[in-house]
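Comments concern the structure below.
In what follows, chains carry the letters A, B, and so on, assigned in the order in which the sequence lines appear, proteins first and then strands, with residues in each chain numbered from 1. Nothing here was measured: the structure is a model prediction, and the numbers come from that model.
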Amino acid sequence: MSEQDKNAPSNFIRQIIDADLKEGRHEGRVHTRFPPEPNGYLHVGHAKSICLNFGIAQDYPGGLCNLRFDDTNPHKENVEYVNSIMQDVSWLGFDWDDRLFYASNYFEQLYEFAVELITSGKAFVCDLDAGQMREYRGTLTEPGRESPYRNRSVAENLDLFRRMRAGEFEDGSRVLRAKIDMASPNLNMRDPTLYRIRHGVIHHQTGEAWCIYPMYDYTHPISDALEGITHSLCTLEFEDHRPLYDWVLENISIDCHPQQIEFSRLNLQYTVMSKRKLTQLVDEKYVDGWDDPRMPTVAGLRRRGYTPESIRMFCDRIGITKADNSVEMEMLESCIREDLDQHAPRAMAVLNPLKIVIENYPEERVEELNAPNHPKDEMMGSRIIKFTREIFIDRDDFLEQAPNKYKRLVTGGEVRLRNAYVIRCDRVIKSENGEITELRCSYDPTTLGANPEGRKVRGVIHWVSASHGFTAKVRLYDRLFNHPAPDADKSVASFLEHLNPQSLQTLETAVLEPSLANAAPGSRFQFEREGYFCLDAAASEEGVPVFNRTVTLRDSWARMDQKNQ
RNA sequence: UGGGAUGUAGCUCAACUGGCAGAGCGACGGACUCUGACUCCGUAGGUUCGAGGUUCGACCCCUCGCAUCCCAGCCA
């Protein structure tokens with residue numbers, strides 16, 4: 001872990017922990033947990049929570065953080081998700097050591113505690129169906145009514161609950177409920193459901209051992225307490241659940257009472273963060289799976305070329321508060337640029353090739369030029385690039401008639417070829433329909449590593465030898481949605497209407513410098529003057545590698561251009 | 001007068017707990033440059049949601065408003 005990661009900025013939760021430590025609460029321990037439900041892939045919002053929980057554990061002496069799967073709803077969960085979550089947490093750089101848990105590990109204990117609640121008259125078996133229960137619950141402004149089954153005897157409740165477990169009753173026919181207060185202004189306290197019946201689902205951990213499953217509100221506090229968690233950090237929507245969290249622990253025989261603290265979820269502009277919507281994007285094939293590089297999932301960002309360091313840096317920078325927020329994409333992008341600018345080797349790649357013939361350069365000649373892999377870091381070494389009579393440059397780097405401040409190649413003008421010579425464009429060759437097909441140029445042999453005599457050449461463009469470069473596929477990604485808050489816009493029927501049809505552009509004929517042919521799967525480069533790219537091994541086919549654009553370089557020219565339009 | 005929470009720069013957060021309102025990102029301008037990148041320098045941007053009150057002094061405490069978010073699953 002780098003220095004920067006160790007110095008994660010403080011926040012109100014760390015201040016609470018500091019105070020707790022000072023007061024000697026929780027026996028001076030700090031123990032957090034990250035409790036995902038394995039019903040989808042992790043996204044950057046989860047990364048925020050992971051960095052918070054594991055980060056706190058790292059920063060406090062003796063601090064620990066558990067990974068615990070909150071697997072109480074087998075209907076939506078599966079092992080694929082369990083595995084992807086473990087992979088993503090590790091990839092982000094965190095380690096749960098031997099503290100991998102499942103809420104389902106505690107099913108037996110949870111059952112025993114339920115028996116205790118029943119015995120002390122604090123829970124009862126209710127025969128109301130879901131619709132009836134809704135009616136009895138009341139509304140936001142009116143109190144609810146007590147269930148007619150609320151005053152069953154302890155003995156009858158015990159018997160019924162045992163038979164629920166034994167599988168004697170159908171799904172939905174009965175539930176176990178806490179006996180709290182049907183008149184509470186907090187709906188969560190109106191005799192909440194503790195257990196429901198679910199036949200015929202095979203739980204990914206417990207198989208068919210159970211046909212009753214505990215609810216989150218009942219399971220979570222007990223799981224936390226059994227693991228000796230000191231600070232149970234969760235998102236804002238659970239704030240109303242805290243009284244129930246506390247109620248459960250106060251009404252069973254357990255000697256640990258973790259402190260639940262809520263913080264606000266992450267919202268990122270131009271994307272969606274709800275698992276339901278991400279699942280929909282995957283299921284209905286709007287994207288190419290959970291790890292589609294346009295997805296805000298950890299797997300998607302990884303495939304896009306983001307580094308764990310950059311995501312951690314992002315999580316540090318956005319901070320932790322209780323205020324609703326919507327973070328600009330630029331924040332994330334600046335983090336990956338900062339990381340990759342420092343660590344990614346440079347290479348040259350021509351995305352939209354335009355052929356150039358250097359007429360005063362001998363046909364058979366091949367010159368080996370030296371190019372540094374990083375302009376500021378000599379330790380990253382250098383590589384050989386081959387210069388030849390025919391090369392490719394990017395179509396965008398040539399204009400017949402250029403605006404004032406244009407610094408690239410124009411007819412009759414000069415430009416520096418990166419790491420090579422200065423060339424001048426003498427003639428433009430066009431096809432019958434007027435499309436530029438080729439440029440005829442001449443080079444100045446005195447300009448290798450030296451400025452030309454008596455004149456200033458301002459522009460520098462990148463290039464690849466036509467005879468030595470190789471063709472690759474390059475995928476240019478843009479934001480998945482063209483609305484800053486696609487799921488908050490009430491004026492459309494569905495967030496899908498804001499999907500950006502241009503979110504993926506595939507270039508089939510990019511020409512890359514030969515050194516890129518040996519790139520390792522997943523390795524990242526800066527294609528000079530274009531952006532950061534990473535080799536997508538999964539998408540590559542024999543002989544045709546695929547590179548994903550992680551992010552463009554900052555581009556003040558493009559900004560200026562846009563402004564003038 | 002249903003309950004719970006949150007309002008500080010365009011965005012995300014600070015402000016040593018009552019003592020000159022700052023940073024990162026973004027924007028704008030300039031310098032440098034064999035990447036229109038990086039780096040460096042500079043500029044703009046604030047009625048701290050509003051109105052009262054307490055105080056020598058309020059982003060912070062009190063009162064009353066306003067706005068936004070969450071809650072009526074046998075989801076988490």
Side-chain angles (χ1 to χ4, degrees), chain A residues 9-11 15 35-37 39 70 72-73 75-76 126 128-130 133-135 137-144 171-177 184-190 192-198 212-213 215-217 219-220 234-243 262 264 266 269 275-276 314 316-335 337-338 341-342 346 348 371 374-376 405-408 415-420 422 447 449-451 457-462 526-531 552-561:
Chain A
S10 185
N11 55 55
Q15 286 171 8
E37 184 191 11
N39 67 344
D70 220 324
T72 56
N73 186 8
H75 194 70
K76 298 201 225 163
C126 182
L128 257 26
D129 65 33
M133 221 194 287
R134 185 165 51 244
E135 285 172 33
R137 187 155 33 231
T139 69
L140 293 176
T141 53
E142 299 159 28
D171 283 19
S173 61
R174 287 181 229 265
V175 294
L176 183 73
R177 290 227 254 169
S184 172
N186 181 344
L187 292 276
N188 297 119
M189 301 298 271
R190 320 242 262 228
T193 301
L194 267 24
Y195 270 88
R196 75 285 213 182
I197 302 171
R198 285 285 176 276
I212 57 173
Y213 289 94
M215 300 287 289
Y216 166 89
D217 282 321
T219 308
H220 210 85
C234 62
T235 43
L236 247 31
E237 67 271 24
F238 292 104
E239 208 147 21
D240 285 344
H241 295 239
R242 193 180 345 125
E262 310 83 12
S264 53
L266 167 67
Q269 292 191 350
K275 245 196 249 183
R276 209 208 95 238
F314 173 73
D316 283 350
R317 286 185 185 179
I318 58 176
I320 300 289
T321 65
K322 299 187 69 153
D324 290 327
N325 60 80
S326 176
V327 177
E328 292 173 338
M329 204 55 101
E330 283 81 354
M331 186 82 94
L332 221 206
E333 291 180 343
S334 106
C335 292
R337 285 195 186 110
E338 187 172 325
D341 174 58
Q342 217 178 122
R346 314 286 126 128
M348 293 200 284
H374 195 287
K376 291 190 174 166
K405 289 185 174 170
Y406 192 77
K407 282 168 49 176
R408 294 167 261 180
V415 78
R416 159 77 62 185
L417 292 177
R418 177 78 163 150
N419 299 312
V422 169
T447 54
N451 285 325
V457 174
R458 298 198 51 187
V460 180
I461 64 173
H462 56 98
Q526 183 195 102
F527 289 176
E528 292 201 73
R529 303 206 317 125
E530 291 289 356
T552 62
L553 258 27
R554 256 176 103 253
D555 188 352
S556 51
W557 176 257
R559 282 205 307 270
M560 203 161 120
D561 215 32

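- Spacing between atom CG of Asn11(A) and atom C1' of U6(B) amounts to 16 Å, rounded to whole angstrom units.
- For His374(A), the ring pair (Phe, Tyr, Trp, His ring centres under 6.0 Å) test picks out no residue, with sequence neighbours left out.
- Taking a pair to require two hydrogen-bonding distances under 3.5 Å in either a Watson-Crick or a G-U wobble arrangement, C61(B) pairs with G53(B).
- Ranking A37(B), G26(B), U35(B) by closeness to the Ser556(A) side chain, first place goes to A37(B).
- In this entry the distance linking CD of Glu262(A) with P of C70(B) reads 16 Å, nearest Å.
- Checking G42(B) for Watson-Crick or G-U wobble geometry (two distances, each under 3.5 Å) identifies C28(B) as its partner.
- Rounded to whole Å, the separation between the P atoms of A44(B) and C28(B) comes to 16 Å.
- The side chain of Gln269(A) places no N or O atom within less than 4.0 Å of a non-bridging phosphate oxygen (OP1 or OP2) of C25(B).
- Between A21(B) and C60(B), the distance separating the two P atoms is 13 Å to the nearest Å.
- For Glu135(A), there are no side-chain contact (heavy atoms from CB on, under 4.5 Å) partners at least two apart in sequence or on another chain.
- C69(B) is paired with G4(B) under the Watson-Crick or G-U wobble criterion, all donor-acceptor distances under 3.5 Å.
- Look at the P atom in both C49(B) and C13(B): the space between them is 15 Å, to the nearest Å.
- In this structure, Glu333(A) atom CD and G26(B) atom C1' are separated by 11 Å, rounded to whole Å.
- As a whole-Å value, the separation of Leu332(A) CG from U12(B) C1' is 12 Å.
- Mapping Gly459(A) and Gly319(A) onto RNA chain B via the closest heavy atom, the residue that lands nearer the 5' end is Gly319(A).
- Side-chain N or O atoms of Ser264(A) include none that pairs as donor or acceptor with a backbone N or O of Asp324(A) at under 3.5 Å.
- Phosphate contact (OP1/OP2 of C38(B), side-chain N/O of Arg554(A), threshold under 4.0 Å): present.
- As judged by a 4.0 angstrom heavy-atom cut-off over every strand, Tyr406(A) is placed among the base-contacting residues.
- Of the C1' atoms belonging to A76(B) and C16(B), the separation is 39 Å, rounded to the nearest Å.
- Among the nucleotides U6(B), G26(B), U12(B), the one closest to any side-chain atom of Glu330(A) is G26(B).
- The gap from the P atom of U17(B) to that of C70(B) amounts to 35 Å, rounded to the nearest Å.
- No hydrogens or angles were tested; on distance alone, a donor-acceptor pair under 3.5 Å links the side chain of Glu328(A) to the base of G10(B).
- Annotated as anti: G53(B), whose glycosidic dihedral deviates from 0 by more than 90°.
- Annotation: of the two residues near RNA chain B, Thr321(A) and Glu528(A), the 5′-most nearest-nucleotide partner is Thr321(A).
- Scanning both residues, Arg416(A) and Thr447(A), for their nearest heavy atoms gives NH1-O, 2.6 Å.
- Summarising the geometry, the separation between NZ on Lys405(A) and P on U33(B) is reported as 18 Å, rounded to the nearest angstrom.
- If you measure from atom CG of Asn419(A) to atom P of U35(B), you get 9 Å, rounded to the nearest angstrom.
- Taking atom C1' on both nucleotides, C41(B) is separated from A5(B) by 43 Å, rounded to a whole Å.
- The separation of C75(B) from C25(B), taken at their C1' atoms, amounts to 36 Å, rounded to a whole angstrom.
- When all heavy atoms are compared, the tightest approach of Lys322(A) to Leu236(A) is O-CD2, 3.2 Å.
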Letter by letter from the 5' end, nucleotides 39-48 of chain B scores (B base, S sugar-phosphate only, - none; protein heavy atoms under 4.0 Å) S---------
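- For the side-chain contact (heavy atoms from CB on, under 4.5 Å) test, residues two or more places apart in sequence or in another chain that qualify with Asn73(A) are Glu37(A), His75(A), Lys76(A), Glu77(A), Arg196(A).
- Atom P of nucleotide G4(B) and atom CG of Asp324(A) are separated by 17 Å, given to the nearest angstrom.
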Nucleotides 71-76 of chain B: protein proximity per nucleotide (B base, S sugar-phosphate only, - neither; heavy atom, under 4.0 Å):
BBSBBB
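- Remark: P of A14(B) and NZ of Lys322(A) are 13 Å apart, rounded to the nearest angstrom.
- Tested against Asp341(A) for a salt bridge (charged side-chain N to carboxylate O under 4.0 Å, His left out), the candidates Lys376(A), Arg346(A), Arg554(A) yield a single pass: Arg346(A).
- Residues Leu266(A) and Asn325(A) have side chains in contact (heavy-atom distance under 4.5 Å, counting atoms from C-beta outward).
- With sequence neighbours excluded, the residues that form a side-chain contact (heavy atoms from CB on, under 4.5 Å) with Glu328(A) are Gln269(A), Glu330(A).
- Nucleotide G22(B) has C13(B) as its partner under the Watson-Crick or G-U criteria, with both atom distances under 3.5 Å.
- Spacing between A37(B) and G29(B) at atom P, rounded to whole Å, works out to 12 Å.
- For Arg408(A), taking side-chain heavy atoms from C-beta onward, the closest of the listed nucleotides U35(B), G24(B), G36(B) is G36(B).
- Of the candidate nucleotides C34(B), U12(B), A37(B), U12(B) has the atom lying nearest to any side-chain atom of Ile318(A).
- Annotated as anti: U35(B), whose glycosidic dihedral deviates from 0 by more than 90°.
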